[in-house]
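Here's the structure we're looking at; comments come further down.
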Number of protein chains: 2
Amino acid sequence: MKCSDCKWRKYCLPSDLSGPSLSEFEHIVHLGKKFEKEQRIYSQGSSFRSLFAIQSGSVKTQYTLTSGYTQVTAFYYPGEVIGLDAIDTDKYPGTAIALEDSIICEIPFAHLEQIAQQQPILNQSLFKLMGREFVRDQSLLFLLGSRAAEERVLSFLSSIAKRHTIMNPESQQLQLSMSRTDIASFLGISLETVSRELTKLKKNGWLELSGRNVLIHQPANFKEYVFQLADKTI
Amino acid sequence: MKCSDCKWRKYCLPSDLSGPSLSEFEHIVHLGKKFEKEQRIYSQGSSFRSLFAIQSGSVKTQYTLTSGYTQVTAFYYPGEVIGLDAIDTDKYPGTAIALEDSIICEIPFAHLEQIAQQQPILNQSLFKLMGREFVRDQSLLFLLGSRAAEERVLSFLSSIAKRHTIMNPESQQLQLSMSRTDIASFLGISLETVSRELTKLKKNGWLELSGRNVLIHQPANFKEYVFQLADKTI
DNA sequence: CGCGACGTTGAGATTCGTCAATGATAGTGG
DNA sequence: CCACTATCATTGACGAATCTCAACGTCGCG
């Protein structure tokens, strides 16, 4: 599938391109590569060649220290671009792993830089994309700055729900693609605490919960609750 | 003072420029503006016009939520560039405040984009600069992902010491320019805990400590200790 | 149907935050 | 130059939140 036909183009890198400049962009991209669940999109330490744009599915990125300690640093959904953190060092500083069977477009960075140099609009889009990633990171820093487990879990749910709504406006039911362990690692709390907080939300009537299936009862009220307690959106 | 004479050029945005392209860059930069301690370099919500490069002194960035809750998100030292997180939104999402009397160069972003479009090297430097900022954010996320206060304080000290050593290779004595409150906010722990952890390090003989003056006794051993316990450097 | 991975729940131990009092430091004005 | 004051930093006691360890459920896949 070409970018011009992609549902998520307006959220993706070629958002502002059209006509011949879009064709040129499509020309350098390896579109729609398939990745299976658990498969790596890139690995920590390997040479940086490409950015990757999610077309369908979901991805986690994780970093492993020399000590062996591993931490999940982000979850990504369609329209989002991963690999930006490799630009400085020419190596991927982390590993990206598909959380489910996913379709992902590979954007060779050297080519991208070349054509961006000739297309101011693309260059700007790239800057904006990176800027957006900063804002995302800042939100996350905020989230982790507080120590309250409930806030962390709420922010996580809220973030996932928001993105789910953009992708599936018709369906309230959302299915988490990541394990409790992944969530815990991402939020910097123990997996037991994640489980307990989710159970608490369920008991208090905020949502239905069965394994990885989540249904938020009154999204508007829920959002208000999150906002009061834990809105880390800048 | 011009970039060509600046000690920190190789760490700064024009690192790879020379000759006429460097002159052109210098031409658009407002060099060496003075900011007093506590003075704002830019404010949250105001229009994004420029990036700022620290020439001397130090800066903190902080974000304030609608609830009024404020959090310090980074400390910056000479050679480092701030304001990158505003590129996406055209507003500064946070506030930057000088921690001491500082000299800072203003880089109007519209001009920068223009000349970067003609100078691939500068464009690449800008990408790299942003990439470096991602790595920094990731490191911080990693740090905050762990809950141990000792690790957080150690990582903070280690980060400051590393930058201090680059700037002042001859002196081991470092003077923190930020308050305990700022450190606590940045690390996501209470200021009392910061104080207690620092005192603990002092009692265990790792460093000398008097107010904001810190002297790390055996930097090599200290680094090893940090590495074992808390190395979040990716 | 059984096994293994994933998720939930419970109890005790630990860490850290909060509140509060005390001590040090720097900036201000007499 | 010194005293005064406001801000900043340290220290202690207590309680709450979360981690760890452990047992028990549950789900999906072969």
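Chain A is the first sequence line, chain B the second, and so forth, proteins listed ahead of strands; every chain is numbered from 1.
- Look at CD1 on A/Ile189: it is 15 Å from C1' on C/dG7, rounded to the nearest Å.
- Each end of the helix from C/dC1-D/dG30 to C/dG30-D/dC1 gets its own rotation axis from five pairs of C1' atoms, and the angle between them is 40° to the nearest 10 degrees.
- For the pair A/Leu191 CG and C/dC6 P, the interatomic distance rounds to 11 Å; values are reported in whole Å.
- Applying the salt bridge (Lys or Arg N to Asp or Glu O under 4.0 Å) rule to B/Asp88 yields the partners A/Arg132; only residues at least two apart in sequence or on another chain are considered.
- Of all heavy-atom pairs between A/Asp85 and B/Val135, the closest is O-CG2, 3.5 Å.
- Ring pair B/Tyr225/B/Trp206 is parallel by interplanar angle, where below 30° counts as parallel and above 60° as perpendicular.
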(request) Decide side-chain contact (heavy atoms from CB on, under 4.5 Å) for A/Leu207 and A/Leu157; before the verdict, give the C-alpha distance in whole Å, the side-chain angles of both, and the deciding distance to 0.1 Å. (result) CA-CA 11 Å; A/Leu207 42 81; A/Leu157 274 181; 3.6 Å; yes
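- Listed by first and then second residue, the salt bridge (Lys or Arg N to Asp or Glu O under 4.0 Å) pairs involving residues 34-48 of chain A amount to none (not counting sequence neighbours).
- A salt bridge (Lys or Arg N to Asp or Glu O under 4.0 Å) check over residues 185-195 of chain A, counting only residues at least two apart or in different chains, returns nothing.
- Near-neighbour residues of DNA chain C inside residues 171-180 of chain B, defined by a heavy atom below 4.0 Å, are absent.
- Among D/dC8, C/dC16, C/dG7, the nucleotide with an atom closest to any side-chain atom of B/Glu197 is C/dC16.
- Among residues two or more places apart in sequence or in another chain, the side chain to side chain contact (heavy atoms under 4.5 Å, CB included) test is passed with A/Ser47 by A/Arg49, A/Lys91.
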Polar atom pairs between nucleotides 18-22 of chain C and protein, under 3.5 Å, N or O only, would you list them?
from   : atom 1 : to       : atom 2 : distance (Å)
C/dT18 : O4     : B/Arg196 : NH2    : 2.8
C/dC19 : N4     : B/Glu192 : OE2    : 3.0

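- A salt bridge (Lys or Arg N to Asp or Glu O under 4.0 Å) check over residues 198-227 of chain B, counting only residues at least two apart or in different chains, returns the pairs B/Glu150-B/Lys200, B/Glu197-B/Lys200.
- In this structure, the CD atom of B/Glu150 is 16 Å from the P atom of C/dT14, given to the nearest Å.
- Taking the six-membered ring where tryptophan is involved, the planes of A/Tyr63 and B/Phe142 are perpendicular, since the angle between them exceeds 60° and thus also 30°.
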Protein-nucleic acid N or O pairs under 3.5 Å, nucleotides 25-28 of chain C:
none

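- For the pair A/Lys200 NZ and D/dT18 C1', the computed distance is 11 Å after rounding to whole Å.
- Looking at heavy-atom distances under 4.0 Å, A/Leu198 makes no contact with the nucleic acid at all.
- In terms of the side chain to side chain contact (heavy atoms under 4.5 Å, CB included) criterion, residue partners of A/Gln218 (sequence neighbours excluded) are, by chain and number, A/Asn221.
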Could you list the donor-acceptor pairs under 3.5 angstrom formed by side chains in residues 179-188 of chain A, with sequence neighbours left out?
from     : atom 1 : to       : atom 2 : distance (Å)
A/Ser179 : OG     : A/Thr181 : N      : 3.4
A/Ser179 : OG     : A/Asp182 : N      : 3.0
A/Arg180 : NH1    : A/Gly211 : O      : 3.4
A/Arg180 : NH2    : A/Gly211 : O      : 2.6
A/Asp182 : OD1    : A/Lys60  : NZ     : 3.0
A/Asp182 : OD2    : A/Lys60  : NZ     : 3.4
A/Ser185 : OG     : A/Val72  : N      : 2.8

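- Atom CD of B/Glu151 and atom P of D/dC19 are 13 Å apart (whole Å).
- Between B/Arg212 atom CZ and C/dA24 atom P the separation is 17 Å, expressed in whole Å.
- In this structure, B/Leu209 places its CG atom 17 Å from P of D/dC8, rounding to the nearest Å.
- For A/Glu133, the salt bridge (Lys or Arg N to Asp or Glu O under 4.0 Å) criterion is met by A/Arg136, not counting sequence neighbours.
- Closest heavy-atom contact between B/Pro78 and B/Gly57: CD-O, 3.4 Å.
- The side chain of A/Thr199 approaches C/dT8 more closely than any other nucleotide in the set C/dT8, C/dC6, D/dT11.
- B/Asn213 places its CG atom 12 Å from the P atom of D/dT10, with the value rounded to the nearest Å.
- Counting only distance, with no hydrogens or angles, the side chain of A/Ser171 and the backbone of A/Asn168 share no donor-acceptor pair below 3.5 Å.
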